[in-house]
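If you scroll down you'll find the structure; I have some questions about it.
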Amino acid sequence: MPNTTPTRNLAFDLVRVTEAAALAAGRMMGRGDKNGADKAAVDAMRVMLNSISMRGTIIIGEGEKDEAPMLYNGEKLGTGEGPEVDIAVDPIEGTRPLAYGLWNSISTVALAPRGTMFNPGPFVYMNKIAVGPVARHAVDIDAPVSDNLNKVAKAKGVKVEDLTVVVLDRPRHQELITQIRMAGARIKLIPDGDVAGALMTSMGDNTADLLMGVGGTPEGVLAAAGLRCMGGEIIGKLYPRNQRELDLAKEMGVDFEKPLTMDDLISSDNVFFAATGITTGDYLRGVTYFKDGARTDSVVMRGLSGTVRRVISTHKLSKLMRISSIKYK
């Protein structure tokens, strides 16, 4: 009988995937070439994913096959042996920050047993609220902003004025920002990268207490994988961009008013998550280079055990290129 459940720890296989993508794309920092950076990360990530003993299917990828020649939704990856898994990838979360030398660009990947990962289909935006373990079950995506802030403050034993809320810096969030300010909480605006923003709520160092606002649905699934490992929580609602998406949802029977819980986004504890910093941010440090080498800062997690590891790696690039087809130099 084929193995359908990942029983061994695949986490360290995954961190090698994100390290490779970060090393390949890190050279592009500040060069203004988003497409070139993305291609470097995608190429490296695909090579490494195909080396893992698994039968993987991309659920969250670079897009449909016609738009993305590699790491497209539905692509099969792995050696063809081992467990059947769903894969979510974001080779570069924060392509613009990387291209323009800004902060908070990371490479991420997650695995879960086949059929347990939410497939957003054509609906690529989601309204989200994420919190760390202490405030788990304290928030409600349908509640007023002030109510959620008060409940999180109560759960954490602090005042609302002590809370920090991470929000993507977008015009669509002006009303949200106004409501957070009226409630008295602090705001940390980020230009991109709400996977890192969501994970910051579970770091335990008070960098952030909540993530709120509309961001990518794929990023919501990746954040759910990490938060499931860390004991945090994310709740979302699909967010229509236009009338066409509303009409499409009606045809497909998709309810934009239905909250998506952690179990909707990732319905198994047997989940693995890894991320590596490309440019330095609050969550991870970026790639640094020196003579014939580089250093990466990563986090790797396993949901089944709740283990979260920080991995600082030093890489000898000339040696890596002798055993790999990836261009690191």
Side-chain angles (χ1 to χ4, degrees), residues 13-29 31-52 54-78 85-100 104-112 114 117-126 168 192-196 198 214-226 236 238-239 241 245 248 265-266 271-279 325-327:
D13 291 315
L14 287 195
V15 79
R16 286 188 282 269
V17 172
T18 56
E19 284 177 345
L23 286 168
R27 297 282 194 192
M28 306 295 290
M29 186 179 81
R31 296 187 183 181
D33 184 0
K34 292 194 292 184
N35 292 336
D38 192 54
K39 183 179 187 306
V42 167
D43 289 348
M45 184 171 274
R46 188 170 185 267
V47 167
M48 298 303 293
L49 283 168
N50 271 326
S51 72
I52 299 175
M54 65 178 179
R55 290 171 289 157
T57 301
I58 296 278
I59 303 299
I60 304 290
E62 291 289 277
E64 299 303 319
K65 184 176 182 179
D66 291 342
E67 297 294 329
M70 293 196 298
L71 298 182
Y72 58 83
N73 299 344
E75 184 175 0
K76 306 296 183 182
L77 294 169
V85 295
D86 292 340
I87 306 172
V89 300
D90 197 345
I92 304 176
E93 195 217 7
T95 313
R96 187 177 68 87
L98 172 58
Y100 296 103
N104 211 33
S105 178
I106 65 174
S107 179
T108 65
V109 63
L111 298 183
R114 188 76 181 100
M117 191 175 284
F118 179 70
N119 186 341
F123 307 110
V124 298
Y125 277 84
M126 175 190 288
L168 277 171
D192 292 279
D194 65 350
V195 173
V214 175
T217 307
E219 288 81 1
V221 177
L222 278 158
L238 293 176
Y239 181 86
R241 291 179 293 176
E245 288 194 356
L248 186 59
L265 297 172
I266 302 280
V271 61
F272 304 87
F273 176 90
T276 300
I278 308 177
T279 64
S325 61
I326 300 169
K327 295 182 179 180

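Throughout, numbering of the chain's residues begins at 1 and tracks the sequence.
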Point to revise | Student check: side-chain heavy atoms of Ile59 and Val221 closer than 4.5 Å | key: no

Check your understanding: So, for Ile266 and Ala225, which heavy atoms are closest and what is the spacing to 0.1 Å?
Key -> CG1-N, 3.9 Å

Practice item. Give, for atom OG1 of Thr95 and atom CG of Asp33, the distance between the pair rounded to the nearest 0.5 Å. Key: 11.0 Å

**Study point:** Straight-line distance of Leu222 CG to Met117 CE, nearest 0.5 Å
**Key:** 7.5 Å

Practice item. Work out which heavy atom in Leu248 is nearest to a heavy atom in Pro122; give both atom names and the distance. Key: CD2-CG, 3.5 Å

Practice item. Keeping the roles fixed (side chain from Thr217, backbone from Phe123), state whether a donor-acceptor pair exists under 3.5 Å. Key: yes

**Study point:** Salt-bridge criterion met for Arg46 and Asp43 (N-O under 4.0 Å)
**Key:** no

Exercise for review: Over all heavy atoms of both residues, which pair between Ala41 and Ala21 is shortest? Give the atoms and the distance, please.
Suggested key: O-CB, 3.7 Å

**Study point:** Candidate pair Met126 and Leu265, rule side chain to side chain contact (heavy atoms under 4.5 Å, CB included), full reasoning
**Key:** CA-CA 12 Å; Met126 175 190 288; Leu265 297 172; 3.9 Å; yes

Review point. So, Asp86 side chain and Arg114 main chain: donor-acceptor pair closer than 3.5 Å or not?
Key: no

Exercise for review: Any chance you could measure Ile92, atom CD1, to Thr108, atom OG1, to the nearest 0.5 Å?
Suggested key: 10.5 Å

Review point. Nearest 0.5 Å, what's the CD1-CG distance between Ile106 and Asn104?
Key: 7.0 Å

Practice item. May I ask you to decide if Pro91's main-chain N or O and Ser107's side chain share a donor-acceptor pair within less than 3.5 Å? Key: yes

Point to revise | Any donor-acceptor N/O pair, Asn50 side chain to Leu77 backbone, under 3.5 Å | key: no

Check your understanding: With a 4.5 Å limit on heavy-atom distance, are the side chains of Leu168 and Glu219 in contact?
Key -> no

Review point. What closest approach, in Å, do Lys34 and Ala99 show between heavy atoms, and which atom pair accounts for it?
Key: CG-CB, 3.4 Å

Review point. Any side-chain heavy atom of Asp38 sitting closer than 4.5 Å to one from Met28?
Key: no

Point to revise | Validation row: Val195, Phe273 side chains within 4.5 angstrom (heavy atoms) | key: yes

Review point. Between atom CE of Met45 and atom CE of Met70, what is the distance when rounded to the nearest 0.5 Å?
Key: 11.5 Å

Exercise for review: Tell me, yes or no, whether the heavy-atom count around Met29 atom CE, taken from other residues, nucleotides or ligands under 6.0 Å, exceeds 12.
Suggested key: no

Check your understanding: Does a side-chain heavy-atom distance below 4.5 Å link Ile326 with Leu23?
Key -> no

Check your understanding: Nearest heavy-atom pair of Gly94 and Asp192: which atoms, and what distance?
Key -> CA-CB, 4.3 Å

Exercise for review: Would you please test Val89 and Val17 for side chain to side chain contact (heavy atoms under 4.5 Å, CB included) and show each step?
Suggested key: CA-CA 10 Å; Val89 300; Val17 172; over 6 Å; no

Review point. Roughly how far, to the nearest 0.5 Å, is the CD1 atom of Ile60 from the CD1 atom of Ile87?
Key: 11.5 Å

Review point. Do the side chains of Ile278 and Glu93 get nearer than 4.5 Å, heavy atoms only?
Key: no

**Study point:** Heavy-atom closest pair, residues Met48 and Ala20
**Key:** CG-CB, 3.5 Å

Check your understanding: When you measure from the side chain of Asp13 to the backbone N and O of Ile52, does any donor-acceptor pair fall under 3.5 Å?
Key -> no

